[in-house]
Amino acid sequence: MIVLIKGARLLGAEPTDLLLRDGVIAEIGSGLDGTGATVIDAGGLVALPGLVDLHTHLREPGREDAETIASGTRAAALGGFTAVHAMANTDPVADTAGVVEQVWRLGREIGYADVRPVGAVTVGLDGQRLAELGAMADSAAGVRVFSDDGRCVADALLMRRALEYVKAFGGVIAQHAQEPRLTEGAQMNESELSGRLGLRGWPRVAEEAIIARDVMLAAHVGSRLHICHLSTRGSVEIVRLAKQRGLPVTAEVTPHHLLLTEDLVAGYDARYKVNPPLRSADDVAAVREGLADGTIDAVATDHAPHPVEDKECEWDAAAFGMLGLETALSVVQHTMVDTGLLDWAGVADRMSFAPGRIGKCDGGDFAQARPLAAGEPANVVLVDPSASRTVDPAASVSLSRNNPYEGRKLPGSVVATFLRGFPVVENGELTQSSIQKGMR
Amino acid sequence: MSRDLSGFRPVLSDDEIARALTRMAHEVVERSKGASDLVVLGIPSRGVPLAQRLARSISSVEDIDVPVGAIDVTMYRDDLRLRPARALEPTDIPTGGVDGKIVVLVDDVLYSGRTIRAALTALDDVGRPQAVRLAVLVDRGHRELPIRADHVGKNLPTSVRESVKVLVEEVDGRDAVLIGAAEDPVAHVDLEDAR
Amino acid sequence: MIRHLLSSSDLTREQATTILDTAEEMARLTEGRSVKKLPTLRGRTVVNLFFEDSTRTRTSFELAAKRLSADVINFSAKGSSVSKGESLKDTALTLAAMGADAVVVRHSASGAPYRLADSGWIDANVLNAGDGTHEHPTQALLDAFTMRHHLGDLDGRHIVIVGDVLHGRVARSNVSLLATLGARVTVVAPPTLLPLGVEHWPCEVSYDLDAALPGASAVMMLRVQQERMNAAFFPSAREYSRRYGLDTQRFGRLSDDAIVLHPGPMNRGMEITAEVADSERSVIVEQVTNGVYVRMAVLYLMLAGAGDGTTGQEGAA
């Protein structure tokens with residue numbers, strides 16, 4: 001299949017043409033010859049490398065009522081993602097080579113986005129014994145990111161061992177930083193508002209204390225450390241300090257922590273219940289600054305689908321988590337690009353190159369997060385920054401509806417997503433995936 | 001309740017009201033053969049000051065203290081659900097109660113009769129009087145229930161398209177009975193209470 | 001005039017005063033009468049929906065509704081809430097199908113009454129009878145009613161609230177209502193039992209009971225649960241009662257007309273000694289009686305008027 005994209009602005013620069021052929025970018029330049037090619041007029045559109053999400057909950061196996069690998073990767077494609085890292089807190093937990101290979105294969109077969117399984121750090125996410133990290137790394141899934149996400153690896157010794165152990169195969173521990181004793185029964189950010197609403201507080205220090213500890217541990221053993229979804233000004237400051245010292249620490253922030261604040265909790269609508277919780281406007285400002293100056297390396301969605309009954313209930317009983325794949329790029333445009341904090345090249349870095357580097361999926365047969373250059377895999381997303389939409393949860397292809405942006409007007413839209421040269425999204429709509437059309 | 005009374009014309013002056021009350025006081029005494037068993041209860045809001053004046057008047061005629069109080073009928077109304085809930089007016093039953101007494105209910109305007117029906121039910125829960133009589137300053141007709149007043153200050157034939165306003169010194173700063181066009185001639189239950 | 005009563009902080013001074021005035025009339029209309037029942041809410045259905053046991057509160061609401069001639073249904077949903085039984089939604093739909101006009105809800109989860117009121121599952125009036133560690137507005141109203149009865153207008157009065165403010169819905173509701181009514185409120189507790197940000201509440205905060213008592217017109221002692229000890233909120237019951245309990249000695253330092261309140265149930269010997277609880281200036285039993293009047297007033301103001309011509313919490317009549 002040959003596709004000629006005419007007049008796209010590469011990472012927001014001057015318009016040029018891209019010729020995609022046999023799954024790679026064949027040529028870049030103006031006035032390319034489109035003989036035999038499907039021509040796409042990309043006037044006014046920005047071309048970005050396919051986005052890479054470091055933090056996605058696909059729920060399969062175990063909670064196929066909330067999301068499946070098929071529905072989740074379709075949502076990813078619509079959001080401009082060509083690769084997602086599927087978190088390990090499934091049922092069974094992705095703590096063996098068997099489970100991660102199954103997830104990886106399903107992703108391949110469905111073909112809307114590459115699925116990179118994340119392996120659990122400890123068996124059953126129990127925080128007691130290391131899972132077989134090496135076996136998962138050596139499996140067909142080639143796992144490089146390990147996380148007990150949803151739970152914190154709270155035991156300092158176990159964390160130290162995990163950090164050390166994954167050095168053998170270039171892995172990274174992605175820590176869900178949450179001191180468990182300080183957050184027993186926690187429901188929302190601990191603040192004047194939590195006191196007023198009578199909801200148990202989730203103090204910032206519970207996140208910051210673990211990040212500080214793990215940064216020191218990583219420094220001590222000389223390992224890579226990745227911080228999941230950091231949410232506070234203090235966390236940004238700790239990571240900034242670590243980077244100033246040259247430590248190999250990376251961090252991600254979610255779209256919702258870039259936009260939403262705790263006051264949304266006031267009506268007890270559980271759509272706004274998430275872990276870590278929504279924080280204050282000051283924290284939002286801090287994570288935006290951190291993302292802009294590179295302290296925070298990546299935006300990761302923490303896409304967390306939940307069925308209606310797990311959200312349509314008492315706040316205390318509701319599940320933590322929000323959808324994010326289909327809205328992430330719009331939220332980033334709204335909070336970072338339209339505010340002048342980041343240009344499109346910056347977005348490409350925070351949403352593709354950096355997560356690709358952290359997840360070690362930027363090389364090999366199915367390389368992601370590569371530069372937009374001739375000879376590179378044709379993972380490309382076309383974005384219309386001038387579009388805008390009012391978010392309608394019912395319009396989502398996710399199986400779940402826990403969308404915190406309902407009714408909000410957000411800028412930008414994903415017009416097309418190419419996975420290795422094949423358009424999985426065209427004119428803002430899913431096509432039949434390449435596998436179903438017999439294309440690879 | 002602030003009211004725009006432009007367009008209203010007087011029907012009774014302050015002097016006429018005073019004379020009507022004095023006459024009613026005499027009638028009450030005559031009818032009850034004295035004042036020893038009387039209890040006078042006003043229906044809030046404007047029935048209450050009228051009841052007090054009537055009781056004073058009876059007291060001066062008979063030279064004994066006539067117990068006077070108030071009975072709020074809000075909780076007993078049959079039209080509660082036709083409008084938002086209202087704050088209650090005080091109920092004040094004189095010590096000695098109403099059992100075996102002759103209760104004189106006092107209201108400013110008698111119209112549909114529903115307020116008086118509610119007052120009779122309310123009175124039921126307070127005790128068992130020997131007799132209940134009704135004194136009103138103005139009877140404007142249009143009864144919806146078989147109720148009539150025993151003592152009337154003035155019979156005032158009206159149209160349902162009209163509104164009768166009673167002003168009393170204690171509440172409104174002056175005494176007068178006025179008549180004018182009703183704001184909403186259909187909802188006449190409201191008119192009776194738009195005092 | 002009131003659509004829902006979810007939180008005492010939603011009440012304006014005018015609304016709160018109307019409720020208290022109405023409660024006074026309720027007291028006058030029923031006290032010392034042979035017929036205590038009023039026909040006002042005949043044909044209306046009030047559901048007591050209790051996800052958490054509280055015989056005192058349920059009985060008080062039941063009596064209040066019955067005195068107004070409403071039909072009362074007690075719907076005990078204990079154990080079916082957070083523990084994945086019948087959901088709040090299904091319960092609400094059931095009650096809606098039964099034709100409930102008002103739902104009095106008690107729940108262990110903060111905000112559950114908000115879910116019920118805002119969900120669209122049921123259009124009944126919702127009355128919060130205590131939700132988690134959030135609020136208990138009718139308790140605050142009955143406390144204010146009791147104080148007003150003894151002290152007159154609460155404007156400028158100094159009221160001291162002592163005990164577990166962190167987990168206590170009574171404290172939250174009382175602080176906001178008393179502040180709305182113009183009182184000067186001081187909350188006293190060990191720092192561990194005060195929520196973060198309490199300095200932004202409309203009250204003063206003290207860790208020292210002895211310093212707070214002089215000049216107080218009323219002292220409200222809150223129940224402190226023994227199990228808090230195990231969670232390291234304070235070292236021992238003895239230490240707590242020594243520092244924060246109302247004993248005879250501290251009681252003696254109060255001015256002669258000051259009153260003592262407790263929402264009950266009391267831990268005698270812990271936050272309050274038996275002598276103080278049983279003293280003449282303790283109005284604890286009166287609080288129970290007043291609870292019925294206040295709840296009658298709220299039910300009346302919610303239900304007696306036109307169905308739903310009014311939306312939201314509108315100004316007093």
Side-chain angles (χ1 to χ4, degrees), chain A residues 63 65 180-206 232 234 261-273 277-283 306-320 401-402 406-407, chain C residues 6-7 9-10 51-52 77 80-93 105 107-121 128 130-136 165-173 175-176 187 193-202 205 231-232:
Chain A
R63 284 309 299 268
D65 58 329
R181 286 280 282 155
L182 285 175
T183 51
E184 274 170 21
Q187 297 294 330
M188 69 168 292
N189 183 42
E190 184 172 15
S191 64
E192 197 264 330
L193 184 64
S194 67
R196 195 145 49 79
L197 295 178
L199 292 174
R200 195 82 69 89
W202 199 131
R204 294 178 178 83
V205 64
T232 77
T261 50
E262 63 170 349
D263 34 284
L264 291 166
V265 178
Y268 299 95
D269 184 338
R271 270 182 306 177
Y272 303 112
K273 182 171 175 178
L278 299 178
R279 306 283 187 187
S280 70
D282 178 63
D283 294 301
H306 290 289
V308 173
E309 64 270 22
D310 287 351
K311 283 293 192 181
E312 216 178 42
C313 56
E314 303 88 331
W315 182 277
D316 283 8
F320 289 101
R401 294 290 173 264
N402 51 316
E406 178 171 7
Chain C
L6 303 176
S7 152
S9 56
D10 292 342
F51 287 90
E52 192 182 72
S80 71
S81 57
V82 179
S83 57
K84 287 278 171 187
E86 189 177 38
S87 71
L88 185 64
K89 179 180 180 175
D90 291 323
T91 308
L93 294 174
V105 60
H107 203 296
S108 59
S110 300
Y114 282 74
R115 292 304 284 157
L116 212 54
D118 299 341
S119 60
W121 302 327
N128 183 359
D131 63 329
T133 55
H134 176 231
E135 282 233 23
H136 193 356
V165 180
L166 181 64
H167 305 96
R169 49 192 169 207
V170 177
R172 255 173 208 78
S173 289
V175 168
S176 58
V187 297
L193 290 178
L194 290 167
L196 201 76
V198 71
E199 64 275 10
H200 299 296
W201 289 22
V205 178

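Sequence lines set the chain letters: A, B, ... in the order given, protein chains first and strands last, and positions in each chain run from 1.
For the pair C:Lys89 and A:Glu312, the tightest heavy-atom approach, listed with the atom from each and the gap, is NZ-OE1, 2.7 Å. Listed here is the closest heavy atom pair of A:Leu197 and C:Ser110: O-CB, 3.5 Å. Taking each heavy atom of A:Gly195 and C:Pro195 in turn, the nearest pair found is CA-CB, 4.0 Å.
Side-chain N or O atoms of A:Arg196 include none that pairs as donor or acceptor with a backbone N or O of C:Trp201 at under 3.5 Å.
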Take A:Glu192 and C:Val198 through the test side chain to side chain contact (heavy atoms under 4.5 Å, CB included) and record every step on the way to the result. CA-CA 7 Å; A:Glu192 197 264 330; C:Val198 71; over 6 Å; no
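For the side-chain contact (heavy atoms from CB on, under 4.5 Å) test, residues two or more places apart in sequence or in another chain that qualify with A:Pro180 are A:Ala154.
Here the straight-line distance linking atom OG of C:Ser87 with atom CD of A:Glu314 works out to 7.5 Å at 0.5 Å rounding. With rounding to the nearest 0.5 angstrom, the CZ atom of A:Arg200 is 7.5 Å from the OG1 atom of C:Thr133.
Counting heavy-atom pairs closer than 4.5 Å to chain A, the top-ranked of the candidates C:Gly197, C:Gly111, C:Ser9 is C:Gly111.
Classification of the C:His134-A:Tyr268 ring pair by plane angle, with boundaries at 30° and 60°, yields perpendicular.
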